[in-house]
Amino acid sequence: MARRGRVELRRIEDRTSRQVRFSKRRSGLFKKAFELSVLCDAEVALLVFSPAGRLYEYASSSIEGTYDRYQRFAGAGTNVNGGDASSNNDGDPSNIQSTLKEIASWSIQNNADDSDANKLEKLEKLLTDALRDTKSKKMLAQQNSGASTRSGENSKRGRS
């Protein structure tokens with residue numbers, strides 16, 4: 001049996017071919033996610049947005065529970081390699097507000113032009129944390145508002 005060659009990774013120009021390829025690859029991806037969750041007893045959540053903006057999702061358990069677990073992991077400042085940063089904001093509005101207050105007080109007390117690298121690094125971390133927390137809240141709000149509008153179009157559960 002002849003082997004297929006390596007697929008050249010570039011955008012498929014023909015719209016119909018691109019849609020067919022997307023559909024087949026998406027199905028394969030969902031199948032692999034299902035296999036990973038069953039064979040390895042892993043908690044898997046997969047979100048795919050089509051070029052047309054449709055949402056397809058798979059979750060081995062609750063997608064909201066997996067997302068919350070991810071937020072706790074990311075909020076604790078733990079990176080993918082297992083290292084720990086010193087941040088601990090869980091996207092809680094009070095944490096976001098306290099971070100913004102801290103940024104405001106920093107800017108009142110310090111002049112960025114006259115600050116040393118350590119002070120600027122602290123400001124950068126505060127701003128990065130605030131941005132991350134704001135993005136998390138935005139994603140949760142979009143997820144919550146989108147949950148009521150996407151009825152049955154997005155579920156790909158229990159494939160074998």
Given side-chain contact (heavy atoms from CB on, under 4.5 Å), test Y56 with L47 step by step and report yes or no. CA-CA 6 Å; Y56 300 90; L47 298 173; over 6 Å; no
What pairs with R6 under salt bridge (charged side-chain N to carboxylate O under 4.0 Å, His left out), at least two apart in sequence or on another chain? none
Would you compute the distance between atom CG of L36 and atom CG of D41 and round it to the nearest 0.5 angstrom? 10.0 Å
S17: partners by side-chain hydrogen bond (donor to acceptor under 3.5 Å, both in side chains), with sequence neighbours left out: D14
Between L55 and E57, does a side-chain contact (heavy atoms from CB on, under 4.5 Å) hold up when you go through it step by step? CA-CA 7 Å; L55 170 66; E57 63 183 12; 4.1 Å; yes
To the nearest 0.5 Å, how far apart are OG in S60 and CD in E43? 5.5 Å
What distance do S37 atom OG and E35 atom CD have between them, rounded to the nearest 0.5 Å? 9.0 Å
Would the number of heavy atoms belonging to other residues, nucleotides or ligands and lying under 6.0 Å from CZ of R18 be above 12? yes
Counting only N and O atoms by type, is there a donor-acceptor contact under 3.5 Å from the side chain of T66 to the main-chain atoms of A45? no
Nearest-0.5 Å distance that lies between atom CG in L46 and atom CZ in R26: 10.5 Å
Sorted by chain and number, sequence neighbours left out, salt bridge (charged side-chain N to carboxylate O under 4.0 Å, His left out) with R11 holds for E13
In Å, rounded to the nearest 0.5 Å, how long is the span from CG of L39 to NZ of K32? 9.5 Å
Any residue meeting side-chain hydrogen bond (donor to acceptor under 3.5 Å, both in side chains) with S50, in chain and number order, not counting sequence neighbours: none
Can you tell me if S23 uses its side chain to pair, donor with acceptor, with the backbone of Q19 under 3.5 Å? no
Intermediate values then yes/no, side-chain contact (heavy atoms from CB on, under 4.5 Å), V48 and F30: CA-CA 9 Å; V48 176; F30 280 100; 4.2 Å; yes
Could you tell me whether the side chains of S62 and Y67 share a donor-acceptor contact shorter than 3.5 Å? no
My understanding is that only residues two or more places apart in sequence, or in another chain, count here; which of them pass side-chain hydrogen bond (donor to acceptor under 3.5 Å, both in side chains) with R21? none
Applying the 4.5 Å side-chain criterion to the ILVMFWY set and letting contacts propagate, would L29 and V38 be lumped into a single cluster? yes
Partners passing side-chain hydrogen bond (donor to acceptor under 3.5 Å, both in side chains) against R15 (at least two apart in sequence or in another chain): none
